[in-house]
Structures are given as structure tokens and as C-alpha cells.
Amino acid sequence: MVRDLRRTPCRDLVGSSFCAQGLSCPYNHSIPHCEACERYFESNQNLEAHTAGQVHRKQLARATVRRVPVNSTQCECGTIVQAIDQVRHLTTLRHRRFAQSKRYKAAQAYGEAPKWGVSITPSAIDFGHVELSMLTSPGTVLETSMTIKTEATLCYLVGVALHSAASKRSFVVDPIANDSYLSPNSSHTLKIQFHPRQTLGSFSDFLTLTLAIGTGDDHRTFSIQRTISAKVGVQADIDALGPKTPYVHVPKSAARPRARDRNTIRGPQMKDGPRIPWVKKLPPYKVPAIVRAALHGYDIKQQIRRADEHLIPIKLSYEEYGDWWSKLLYIEQVQEEIDVRRYDLEAVKLDRHNHILYYLAVPGLAEGRPSVMKGDSIKVQKSGSGERWFEGIVYVVREREVGLRFAPRFGSTYSAHAEYDVQFTVPRIPARRMQQALASALPREELLFPTLQPVDGAPSMANAPSMFNGTESHAFLNTAILRNSQQTLAVRCILNRTHGQYPFILFGPPGTGKTVTIIEACRQLLEFRGATLLLAAPSNSACDLLALKLIEGGLNKHELFRLMATSRDPKTIPHRLLPFCHVEEDSFAVPPLQKLRQFRVVVTTCISGSILEGVGLGRGTFSHIFIDEAGQALEPEALLPIILADANTSVILAGDPKQLGPITRSPVASAFNYHTSLLERLMSIPSYTSTESRGTLYVKLLDNYRSHAQILTYPNAEFYQNELIVKAPLTTTHRLENWAGWPTKGFPILFHAVQGRDDREGTSPSFFNVTEVSQVKRYVESLRESRRLTNNDIGVISPYAAQVRSLRRSINAEGIMVGSTEQFQGQERSVIIISTVRSNKEYLEVDKRFSLGFLSNPKRFNVAITRAQAGLIIVGDPEILALDPLWRRFLIFIHDNGGWAGQKWDPTPFADPKYDPAKAARREMDRLAAEMERLQMEDGALEELEDGGGMRAAEVGWHREE
């Protein structure tokens, strides 16, 4: 049975109150609407629930006091515009989007409407949900029909045309016969077939029927249009993983007022006590009023301009270094305070335990949404009470709940039956530590601003090597490194300090053995130089790996100390590391200063590295400071370990500026390169881009020990100047060579084209795509059944937290790692499956950035496709991915090499580097709208002619000439 798709609410209107699909949207736009909040709803029941809610009441209150100012008017798009700005307003993005949407909807309505006494039923052709398991063979065909009816009109069916290219069609319409003549009060039936080809996804096309009335030269042709659609899926996955509640966008203006400090009863602060013997404490911290004033009440462009004019120094220099980064840290803090509001909770329960701890369930806690650690602050208040807020300090963090401690007064007001409002806060300790370092005396200028000075007309090193000078070479402890010339060169550069007073950079592309090189350099420094080492990295996982590798190299617990943050749970770290840590009262701690100085190696995160100076370690304690994964650290974050360098300390930065950088939130701070790491900044200045710098200031590792040659080909060309050399053993790279799932044997990359549906639910902004989950699960099952892989050999990546959750629930196999791109940096698996999620059809140029989201980040793209050793599978919508030039070239590369599966895709137009699919789609929508508008104008002219006694088109016949 064919379902009338026009009765199905448009998900774009329900989700975002805007639909840009225009003529191609098959869904219902005549759905319940709240004018005050400018929101649409799937049903009247949802609208009634909304109007009874707090968000709607607040909006009504704001609308009541909001009046159109004098000399202003309210545009039909809802914007209040001053009279002097009315012409300019018509060119703004908001008005253009509104006008385009209005035009497309009007043209679509006319294209679908009956004309000249001819109507077509049904109003939309929808094959509905087709269960994948029912498609027993690739040749299965489903069929339905549509009926053309005439009243007093005698007409001829001239043509039937599908909008999509013939090579991409999933629908087939019966060709018209020469005698497709419709006498008055008759009907004609057209059969329509759907060819699913056992392929998951949503399928749609646009059908235009051209008809004619009249006689001879006076005949009149006209068109009626219909949308055809079908969906192939797995109903069990849809039921289990589909959205349970509609997505509700909560505007920033609807966020609850923040709890003020003066109206908050402070909680019992968690003290480090004897666990950290501080001698240098953190100063008080408060975002300056001048920073808030420059940002508050302005759009992003204005905030950037005001920050440039009033806050940020003219340029980043050694003299202005502290002020530059301090202001950017404050700007980032303001944005974090705004972003954390999305996690606030209303009317939730608190469970008391032993009259001390109060447990709060936090949705999304396991995925870090929000990120909560021991010692953080969370504020609570009885719902609707208007009473003072209580600050709860986090003492326990579990997978889905946190344990809070409050001031004793909270116990007397607590009720197990009461409901509480909850507001999360931004942890300030990391920012305070970075601000403290920026306010201290900076390390030597050469570490932050290395410059090549001209000598006799040619650039030369400004500072000759000052320690361990020479070209002395020692026996390698890991002799395998001698087979790699770049790794060997890097170790000798570090030992002989060819970089002088400047930082040495170890540029380690994916799979080139960066960690192996660092460990060999450290071991040789300890063995032959009597060095003392500080090893730091932005993440605990990277630090744990470094420590374990050094332990495997022979260091004992009297030589190596793994410094941990007191907030980290000892139960969560590798068991082999515990003897190398200091634990007091079931928490990590710092040993006395005298004992701390006895360790030859200290391993810590960059943030926790500030503890070393705080407990009294002076500058120059370490002869060498290594920062691994330095490309992921904010520059002021990398400064925390570097601050311990004196004039003789050697600093080594290891990482890849082409992979993921620091995680930042503020677009204003990013406009001033806040998101650029120290490693990336140094690699972009002349000192490190000159020819003579390679092999002295930096070494780029070239031998790739991870990936199949075909998997490495594209990222090698796009990111690494084709310098990487395949050195991985065939036993690693060819273990999936005979897997039956490859479309072309010998090419272990597969792109499975799926046009699914990216959904959101509740108030979470994260997207998920159930159709892609079903397809990924099919590939996981096929790989496991091949018996060539274990679960530990398979990794699944998605850039969206909601999709990661759905994939984990669906796959549910122990050992298979499912995570975000960030979680996979530094990881590798035999086969990687990537779910790209996004599959909306808002092709308008203004929506290109929204349509792609995370997918348009080149560094995220590079990390995702370089994790695989033997096989790479990508599941996604090529029409969306092709909006990004990097993805577009990758899709063409896969298609040209025979790695395509799923729905068909024509790469021909995309081969032109100037081709913009967003603009092309918009031009096509404009063309269709213009055609409908032209026909509508012609129809109006004919109607006027009829009223004047001219041609009676409905009463005459027209015969096509043979």
C-alpha cells in the first residue's frame, strides 16, 4: 500500500523551523505552528505540550514587552528593522533564506496542483518502509501506480520525465504509448517501479508529467509534478535506535539565569592537603570585566572586531606574549561558560547516601557531555523555589552519575521527594595554571620565537649548539631503528643538539614510529649523557604509553615517576604503572621534594606539569623536556612544562601539525589563532621551513609502518607531499586481501553510499543516522564471519557523540573499539569503518557549513582515514560529502579505483575543480522555481483570455501530429 508522503510532517521544519529543500521536499509543511516561538510540531498534542511549558511562557513574556520601535517595522521574516536599514535588510542572510524558502514552497505548491481540469492521484508516491530482509535478491522489484484523471478536458499525455540522471535512477516509470489520449471524464494509469537492489537508504526522485490541451497551433502544454520516494531499512534498528523524542532547539535566550556567587552557599572545597606540598599556590581567577564587555551583546563578527580593537595586542611577540595568550584564555573561558549551559538540568532528583554524598544522574556523562571530574563544582536549587543556590563539590564520578558534597545547611533543606534545578560550571584549574605561567617570567626567547639570522648574506642558525655539541654516535639500544635513516637522524640530532637553543621538532606523520624514536632518544640520553628528563603530553593516554615504553626499556620505580592529577582514579590506570606512582589515602599524590628530585624521568600531562613548579622544582631541574603529541596542546598549555627550562635545557616537540590540534570552543579566540599549537606555529615560520632547517631543527619521519599502499596514497598526496614510503609488512597490510566484501580485489578501500536521515532528539545537538548504523553493523558482521579478524582488529569511527552511542549499542561486541576521531588519534586497527552521519539535503550555499559540520575539518579527515592497516570502509552520503573539496577528491579517487558500493553516484561533474555542488543545486532549484513561475504567469494570461471570450481550452481537443 502506498502511503501519502504529504501527510508526513517535514522533519526540517520540526527540527530547525526552516526547510531549504524547496521543490524537492516531499513532506508536509502544513503542520501545527507556534508563532510566538517560531517553531513547528508533528502533532497538535506536541503543540499543546509546548504551549503549556516554561520555554513558551517565557517567550510570550518577552514578546509582550517587545514592541516595534518608532521608525521601525517588522519584516515578514520576523526581523524588526529600522526604516533606514530596510533596503540593506533585504540583502541579509536571514531574509534571503526566508525569501528563498517562501519562493520554493510557492513554486512547489503550484507544480503539484491540478491544472486545466487534470488531476493526479496520489499527491505523492511513497513506497514506504521496505524491510531489507524481504529483498531476497538484487533483482527484486516493487511496483505501484498513479492515476491521471480528467474532467471535461480532452488532453494528451506528452511526456514523463524523472529528474535524476539515468545512471542514478532507482525508479522506473512506464514509457507512454503513442495513443496516450485522455477523453473527457476518463483516467489513465501509469505504473512505477522501485529497484532497491538490496541497498539500504532513502531514495527519492522528482517526476514531471507533461500534458497538452487545445488544437493545432492553439494547443497548450502544461506540467504536473510528483515526488517519488522509498526507504530501505532494518525496522528492528529503527525501533531500537531511532529518536524517542523530537529534537528541541533551546535558544540561548531561553537559558535560565545563572546562579550568582553572592546568592550561592559554597560547598566544602576539596583540599589537596599533604598529597601535594604546594609552595607556590594559584592566584585568584576572574575574567576581567573589559573582556566580558567587549563580547556581550554582539554577533561573532563584531566580537572579533572589538577584541582586535580593544583586547588583543597588535601582534604576537615575545614582549606581548603573556598579554596575548592571557586575553585569549579569558575569551575562551567566556565561551565555555555559555556552552556549558546546554547541559543544565531542570526538575531532577538527588539521592542521598550516608548523609554525606548526594548522587545526581547526568545524561551524557559517559561521553563527556558534560565533562565532569573530581573537584568540579555543580550548583543546585529546589525547582521553582527562588531560594539560594547550593554549590556541590564532585567527590565521586561514575559512568552515569556523580556524587556531590554540600555545605551542612543543605542537609536540613533536602527532601527525597523534591525536584532540583542543576547548573554546571566550567573547571577553572587548567586555565588558572596557564594564566599563572603566562604571568611568570617566560623561558628564553629562542624557545618561543626562534629566528634564523643572516650571516654573510645567507640565513644561519642564530645560536650554535650549547650542550652535548658534536657528532658523537653511540650504539643504538633498539637496533631496528638503524634500518630507518630518518629515525636514526632524529635520535642523533637530539643527542648532539643540532638545534642549539631552539626547540627540536620531530615531525611524525601517521604510522611512522614517532613514539619509538622518542623512547630510543630518551634511553640513549639516560645511558650515555646522564640526562634528567621531563616527558609531557596533553593526554593521560599518551603519557601512560610513554611511561610503559620506558618501563619496558628497563627503568625501575626509583628512576621513573608517573605524576598523576589527584582527580584521576587509581583504578582506571594500567596496573603496571601503579608502582611508579605515589598514592596517599587512595588518591594520587606527590612525594616530598627531596625524593622527587631523585627521579631521572618524570612523565606527566602538560597541565599537571605545572605541579612540579608549584611544589618547588626550579628551572633547569631537567636537562631535556619532551612534549609528545604537541600538535594537540594549546600553546599556553605547552608552556607549562617548558616554563621549567633554563638556558641549558633542550626542548623537543613531537607530533604532526597535519593531525588534530587542540580542542577549542570560541570562534573569537580562534580568529586570533588560539587553536594553533606551538608545534604548528613553529612549523609555519621561516626558521623551520627553510631548506637548511631539515635535519637540524626538525626531522620528518617518512617510513610508514602501518598502512596498505592504496590506503596511504590519498593522504600522502594531500598532506605529506608524497614523501611517505610504505614499509609495513605484507602480513599486516594484506590480511584482508581475499575478503569478499571488496568491490575490486586489490583495492582495500570501500565507500558505501547511503542516503539516510540524520536525526537529533531531546535537547542534544549531536546527530545520529540509524540507516548508517544498520550498514556499519552489516560490515562488522561480515568481517567477523570471514574469520580473518578478531574483535580487537576492528575499529569504528564517527565524528558525532550520538552516533557513537548508537553504534556501541548496535554492535555490542567486546573488543571492538567504537569512538570519535579524537579518541582514535594515535590508534590503529586492521580495518577501520567510518560512519560520516550527515545526510540532510539543505544544499543552499548558506547552509554548506551546517550540512558538513565536523566533516569539513581537514585534520579530522586525515586522522580518520589514516588509522587503517589493511582495510578502510566509509559509510556516508556522497552528495553531502562532496560539498567539501577534500572529501570530493577522495570520493573520486575511490570511485575511479572501483571501490564503490551502495547507491549510485556520478562523479563526472565533480571532476571539475571549479564545480560547486551547493551552487549547482541552488541553481537547479531556482530553475525549477522559475519554470513554475513562468507557467503560472502563462496560465493567468490564458484565464484572462477565456474570460474575454477567447479560446475555451477545456472544450476543445488537441491531437498530436503523427
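Values below: every heavy atom of this structure, side chains too, minus hydrogens, waters and symmetry copies. Residue numbers start at 1 and run along the sequence shown. Predicted model, so just to flag it, every value in this text is computed and none were measured.
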inquiry  = Would F861 and T821 count as a side-chain contact (heavy atoms from CB on, under 4.5 Å) here? Give the steps.
reply    = CA-CA 8 Å; F861 171 85; T821 316; over 6 Å; no
inquiry  = For a salt bridge (Lys or Arg N to Asp or Glu O under 4.0 Å) check, start with the C-alpha distance between E718 and R889, then their side-chain angles and the critical distance, and finish with the verdict.
reply    = CA-CA 10 Å; E718 288 286 341; R889 293 191 293 271; 2.8 Å; yes
task = Give the intermediate values and the outcome of ring pair (Phe, Tyr, Trp, His ring centres under 6.0 Å) for residues F893 and F747.
result = CA-CA 11 Å; F893 167 73; F747 186 71; 5.7 Å; yes
task = Would you please test R784 and I794 for side-chain contact (heavy atoms from CB on, under 4.5 Å) and show each step?
result = CA-CA 9 Å; R784 294 172 66 192; I794 302 173; 3.9 Å; yes
query = For K231 and D126, what are the C-alpha separation, side-chain angles and deciding distance, and is it a salt bridge (Lys or Arg N to Asp or Glu O under 4.0 Å)?
reply = CA-CA 9 Å; K231 183 175 182 180; D126 182 16; over 6 Å; no
request  = I would like to know whether R809 and L241 meet side-chain contact (heavy atoms from CB on, under 4.5 Å); could you show each step before the answer?
outcome  = CA-CA 8 Å; R809 289 172 57 192; L241 305 173; 3.7 Å; yes
Verdict with reasoning, V130 to L135, per side-chain contact (heavy atoms from CB on, under 4.5 Å) = CA-CA 8 Å; V130 180; L135 304 176; 3.8 Å; yes
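When side chains are defined from C-beta on, I874 counts as touching I894, because their heavy atoms get closer than 4.5 Å. The shortest distance between side-chain heavy atoms of P748 and L736 does not fall below 4.5 Å. For the pair I749/N897, no side-chain contact is recorded, criterion being any heavy-atom separation below 4.5 Å from C-beta on. Within the 4.5 Å cutoff, no side-chain heavy atoms of T836 are placed close to those of D877. Counting heavy atoms from C-beta on, the side chains of V804 and R808 come closer than 4.5 Å. The side-chain heavy atoms of I811 and V818, taken from C-beta on, include a pair separated by under 4.5 Å. In this structure, W900 and L750 have side chains that are not in contact, with every pair of non-hydrogen atoms separated by 4.5 Å or more. A heavy-atom distance below 4.5 Å is found between the side chains of I832 and R829.
In this structure, CD in E112 is found 6.0 Å from CZ in R226, a value given to the nearest 0.5 Å. Rounded to the nearest 0.5 Å, atoms CZ (F171) and CD1 (I125) are 10.0 Å apart. Here the straight-line distance linking atom CD of Q198 with atom CG of L132 works out to 7.0 Å at 0.5 Å rounding. With values rounded to the nearest 0.5 angstrom, Y705 atom OH is found 14.0 Å from T733 atom OG1. Put simply, OG on S170 and NE2 on H195 are 9.0 Å apart, with the number rounded to the nearest 0.5 Å. How far CD1 of I797 is from CD1 of I833: 10.0 Å, rounded to the nearest 0.5 Å.
With Q823 contributing its side chain and S820 its backbone, the two residues share a donor-acceptor pair below 3.5 Å. A donor-acceptor distance shorter than 3.5 angstrom exists from the side chain of Q825 to the backbone of L660, with no hydrogens or angles considered. Counting only distance, with no hydrogens or angles, the side chain of S133 and the backbone of E131 share no donor-acceptor pair below 3.5 Å. The backbone N or O of G756 sits nowhere less than 3.5 Å from a side-chain atom of T771 that would complete a donor-acceptor pair. The closest donor-acceptor contact from the side chain of S707 to the backbone of A868 lies under 3.5 Å.
When every heavy atom of Q903 is checked against every heavy atom of S202, the shortest pair comes out as NE2-O, 3.3 Å. Minimum interatomic distance between S798 and V837 (heavy atoms only, all atoms of both residues): OG-CG2, 3.3 Å. The minimum heavy-atom distance between G871 and I711, with the atom names listed, is N-CD1, 3.6 Å. Residues A901 and P743 share a closest heavy-atom pair of CB-CG, 4.4 Å. The heavy-atom pair separating H752 from G902 by the smallest distance is NE2-CA, 3.6 Å. Between L200 and Q775, the shortest heavy-atom distance links the atoms CD1-OE1, 3.3 Å.
Here K904 does not pair with D906 in a salt bridge; the nearest charged N to carboxylate O distance is not below 4.0 Å. Ion pairing of R867 with E828 is absent here, as no side-chain N (NZ or NE/NH1/NH2) approaches a carboxylate O to less than 4.0 Å. In this structure, K191 does not pair ionically with D174, as no charged nitrogen and carboxylate oxygen lie closer than 4.0 Å. A salt bridge links E822 with R860; the closest basic N to acidic carboxylate O contact falls under 4.0 Å. No salt bridge links E737 with K745; every basic N to acidic carboxylate O contact stays at or beyond 4.0 Å.
Shown here is K859, whose NZ atom has more than 12 heavy atoms of other residues, nucleotides or ligands within 6.0 Å.
Side chain to side chain, T790 and D793 meet the donor-acceptor criterion of an N or O pair below 3.5 Å. Side-chain contact of S164 with D205: a donor-acceptor pair under 3.5 Å is present, judged by distance alone. For E772 and S835, the side-chain atoms include at least one donor-acceptor pair closer than 3.5 Å. Side chain to side chain, N769 and R757 fail the donor-acceptor criterion of an N or O pair below 3.5 Å. Residues S774 and D237 bring a donor and an acceptor atom of their side chains to less than 3.5 Å of each other. Looking at Y714 and N862, their side chains never bring a donor and an acceptor atom within 3.5 Å of each other.
Here the rule is side chain to side chain donor-acceptor pair (under 3.5 Å) with Y720, and of T866, D656, T512, N704 only D656 fits it.
Ring orientation note: the planes of W739 and W742 are nearly perpendicular, at an angle over 60° on the 30°/60° scale.
Aromatic ring centres of F203 and F127 lie farther apart than the 6.0 Å criterion allows. Ring centroid separation for the pair Y800 and F768 does not come in under the 6.0 Å cut-off.
Annotation: ring-ring contact (aromatic ring centres under 6.0 Å, His included) contacts involving residues 909-934, sequence neighbours excluded, comprise W905-F910, F910-Y915. Sorted by first and then second residue, the pairs that involve residues 797-806 and meet salt bridge (Lys or Arg N to Asp or Glu O under 4.0 Å), not counting sequence neighbours, are E367-R805.
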